[in-house]
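Read through the structure below, which is laid out as structure tokens, and then see the notes.
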Amino acid sequence: MEGNIFEKILGQDSLFIDRKAFDHAFEPSRLPHREHEVDALVRNLVDALNGHIPSNMLLYGVPGSGKTVVTRFVLGQLRQKGKEMGQIVNTYEINCRNVDTKYRVVQTIASQLARRGDPPVPFTGWPTDRVLETLVMRMNRAGGVHIIVLDEVDNLVDRAGDDLLYALTSLNTVLDNGRCSIIGISNDLHFTQHLDPRVSSRLSQEDVVFHPYVATEIQNILGERASMGIREGVLDEGVIKLCAALAAQEHGDARRALDLLRISVQKSEQRAQSKVDTRHVRLAQSQLEYDQVTPVLKTLPLHQKLVLFSICLNEENGLRNISTGEVYRTYADACGKIGIEPLTTRRVSSLLNELDTIGLIMARNVSKGRGGRSKQVNSAIPKAIDAISLMSENEPLINEASLGKYHLQGHL
DNA sequence: TGTCCACTGGAAGGGAGGGCTT
DNA sequence: AAGCCCTCCCTTCCAGTGGACA
């Protein structure tokens, strides 16, 4: 072989000018169609610069409606202005999907406030109260305004209850040198319903709803990013339109639209083509579906896999709208086949709910009169994806269970 | 109108696992 | 080492429920 194997690809002209324009972490210098939301945040947070306490806020909206990016943008400007004016503005951004317990949230903020010589706050072990005390001490020491952003806060409340929000929203009563305000970001419009009324009234002093982008707005956003990130004349007419339309179907998720466009261009590049057309977008769409589902399927815990496996098995047999009872029977059978104890029906019921939340199945409660009340369960995994073999990877037991699936089908 | 089915989903709590303090 | 504390996964118990059917 002649030359280095990387040379051919390396020499190829990229269709991108700047891939970063499509990064999820990319912070654009302007945010089209979010002027209202930016304005709402600014009007409230300006108090931080006036020496007052900004109201706590709750930001709602579907995924990809710009909540996080707007917040970052506004806080960035706030810090900058604070610096110019000699006001101390501390901001903390916590994603409650990763940091999902009371202890860890407080620990994370306290760690960000650590100075040289402070003893580290351990990941676990201390009573939460002690971590909270440490946090208050450090906040007092730092002074100024503290703005705590809790992204995906609904996640935290589901898992850990509203204790933490209660504690955080009461911080101002115990801080003597410093002020604190909370910005909660949620995908779920109704999540305050699960909160203690005292907490919800304190937290949602100021609500901002981010409406989903409509197709034409997504088109504008894509157009703007494309002109930053993609070489001129590369995109066929209709590419941006299609990306926008597909994303608008997905409840107006701008992030998804950006991913679609980026992957479409990559698809064209991989084929050494110089143009991107709608076929590339279709390819990108199925790639995206596959990429979303695969890692989740592979890393599901064993029993979760077995439950999903049971659903897939029933569907392979042509059954739709399976009831919880049927799922459980197949599942218990599969457990028997591979010699492990099945979990209780109660637990499996929760597992079904979890599978529903992560979007691998669709479950809805129905009543069949005397036939009882139950869930109707359907898999939500695109047909093109072979769920069973994906789940079998690295999981000998599932593999065994799926080898025995024809026996199991006898029981259905 | 009341009954009754097949669950649902909340509450409480056990116990293993990880880590800190004394 | 003993005594705490926190989280995670799970079980047990049980009141509650939507709607077809008698």
Side-chain angles (χ1 to χ4, degrees), chain A residues 94-111 114 118-135 137 150 152-168 188 190-197 199 296 299-308 310-311 314 319-336 339-358 361-378 395 397 411-412:
Chain A
I94 291 173
N95 189 314
C96 303
R97 186 184 291 272
N98 312 324
V99 184
D100 60 357
T101 65
K102 178 179 176 184
Y103 185 97
R104 273 189 226 145
V105 170
V106 182
Q107 188 250 354
T108 308
I109 306 173
S111 303
D118 280 344
V121 181
F123 290 108
T124 168
W126 284 8
T128 310
D129 286 351
R130 178 167 168 202
V131 189
L132 206 55
E133 273 168 31
T134 311
L135 176 65
M137 186 275 285
L150 300 172
E152 310 199 45
V153 63
D154 39 336
N155 209 49
L156 179 77
V157 175
D158 286 350
R159 299 185 64 98
D162 51 14
D163 270 20
L164 169 73
L165 294 179
Y166 188 83
L168 287 182
D188 175 7
H190 306 291
F191 108 100
T192 46
Q193 286 173 2
H194 315 298
L195 294 178
D196 185 309
V199 177
V296 183
T299 55
L300 243 30
L302 177 64
H303 284 282
Q304 197 80 280
K305 276 183 181 166
L306 280 165
V307 171
L308 186 59
S310 309
I311 297 165
N314 276 284
L319 297 175
R320 305 287 297 166
N321 297 328
I322 321 149
S323 70
T324 309
E326 285 166 88
V327 175
Y328 188 77
R329 281 187 287 279
T330 317
Y331 158 80
D333 247 352
C335 286
I340 61 171
E341 272 298 295
L343 303 173
T344 55
T345 47
R346 176 68 186 86
R347 182 66 190 132
V348 169
S349 169
S350 300
L351 292 184
L352 282 173
N353 283 342
E354 284 167 33
L355 286 173
D356 190 22
T357 343
I358 51 182
I361 62 169
M362 307 257 282
R364 62 194 178 102
N365 290 331
V366 288
S367 170
K368 284 180 283 193
R370 278 225 160 152
R373 200 163 152 260
S374 172
K375 274 198 174 71
Q376 278 190 348
V377 181
N378 285 302
E395 193 81 72
L397 284 176
H411 296 275
L412 297 174

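Within every chain, numbering begins at 1; the chains are lettered A, B, ... in the order of the sequence lines, protein sequences first and strands thereafter.
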**Request:** Grab the CD-C1' distance between Glu326(A) and dC7(B) for me, whole Å please.
**Result:** 13 Å
**Prompt:** Can you tell me how far P of dC8(C) sits from CD of Glu354(A), to the nearest Å?
**Reply:** 12 Å
**Leu302(A) vs Ile340(A), side chain to side chain contact (heavy atoms under 4.5 Å, CB included): CA-CA, chis, key distance, verdict** = CA-CA 11 Å; Leu302(A) 177 64; Ile340(A) 61 171; 3.9 Å; yes
**Asked** Does the side chain of Val377(A) reach to within under 4.5 Å of the side chain of Asn321(A), using non-hydrogen atoms?
**Response** no
**Request:** Could you tell me the separation between the CD1 atom of Ile322(A) and the C1' atom of dA6(B), rounded to a whole number of Å?
**Result:** 17 Å
**Fill in**
Output for pair (Leu165(A) CG, Lys102(A) NZ), nearest 0.5 Å, gives 10.0 Å
**Request:** Determine the minimum heavy-atom distance between Glu152(A) and Cys96(A), stating which atoms define it.
**Result:** O-CB, 3.4 Å
**Asked** Contact class for Ser350(A) vs. all strands (heavy atom < 4.0 Å): base, sugar-phosphate, or nothing?
**Response** nothing
**OP1 or OP2 of dT8(B) under 4.0 Å from side-chain N/O of Thr324(A)** = yes
**Prompt:** Nucleotide by nucleotide, 5' to 3', does protein get under 4.0 Å of the base (B), only the sugar-phosphate (S), or neither (-) in nucleotides 11-22 of chain B, counting heavy atoms?
**Reply:** -------BBSS-
**Asked** Between the main-chain N or O of Val131(A) and the side-chain N or O of Gln107(A), is there a donor-acceptor pair closer than 3.5 Å?
**Response** no
**Message:** Can you confirm whether Arg320(A) is buried at CZ, in the sense that more than 12 heavy atoms of other residues, nucleotides or ligands lie under 6.0 Å from that atom?
**Reply:** yes
**Message:** Does dA6(B) have OP1 or OP2 under 4.0 Å away from a side-chain N or O of Asn365(A)?
**Reply:** no
**Message:** Less than 4.0 angstrom between a side-chain N/O of Thr101(A) and OP1 or OP2 of dC6(C), yes or no?
**Reply:** no
**Asked** Is Lys375(A) near enough to dG9(B) that one of its side-chain N or O atoms lies under 4.0 angstrom from OP1 or OP2?
**Response** yes
**Prompt:** Any side-chain heavy atom of Leu308(A) within less than 4.5 Å of one from Leu300(A)?
**Reply:** yes
**Message:** In whole Å, I'd like the distance from the CG atom of Asp129(A) to the C1' atom of dC6(C).
**Reply:** 12 Å
**Message:** Rounding to an integer number of Å, can you tell me how far Tyr328(A) OH sits from dC7(B) P?
**Reply:** 12 Å
For residues 344-354 of chain A, dump all side-chain donor-acceptor pairs below 3.5 Å to protein atoms at least two apart in sequence or in another chain.
| unit_1 | atom_1 | unit_2 | atom_2 | d |
| --- | --- | --- | --- | --- |
| Thr344(A) | OG1 | Arg347(A) | N | 3.3 |
| Arg346(A) | NH1 | Ser350(A) | OG | 2.9 |
| Asn353(A) | OD1 | Lys375(A) | NZ | 2.9 |
| Glu354(A) | OE1 | Gln304(A) | NE2 | 3.2 |

**Prompt:** Any idea which heavy atoms bring Tyr166(A) and Val199(A) closest together, and the distance?
**Reply:** CD1-CG2, 3.6 Å
**Asked** Over how many whole Å does the gap from Leu343(A) atom CG to dT12(C) atom P extend?
**Response** 11 Å
**Message:** Students often get this wrong, so: under 4.0 angstrom with heavy atoms, is Thr128(A) touching a base, only sugar-phosphate, or nothing?
**Reply:** sugar-phosphate
**Message:** So, does Thr344(A) get its side chain near the phosphate of dT11(C), meaning an N or O under 4.0 Å from OP1 or OP2?
**Reply:** yes
**Asked** Between the side chain of Ser374(A) and the main-chain N/O of Thr324(A), is any donor-acceptor distance below 3.5 Å?
**Response** yes
**Request:** Can you check each nucleotide of nucleotides 15-22 of chain C against protein heavy atoms at under 4.0 Å and return B for base, S for sugar-phosphate only, - for none, in 5' to 3' order?
**Result:** -BBBBBS-
**Item:** Rounded distance (Å) that lies between atom P of dG9(B) and atom CG of Leu351(A)
**Value:** 13 Å
**Prompt:** Atom OH of Tyr103(A) and atom P of dC6(C): how far apart are they, to the nearest Å?
**Reply:** 9 Å
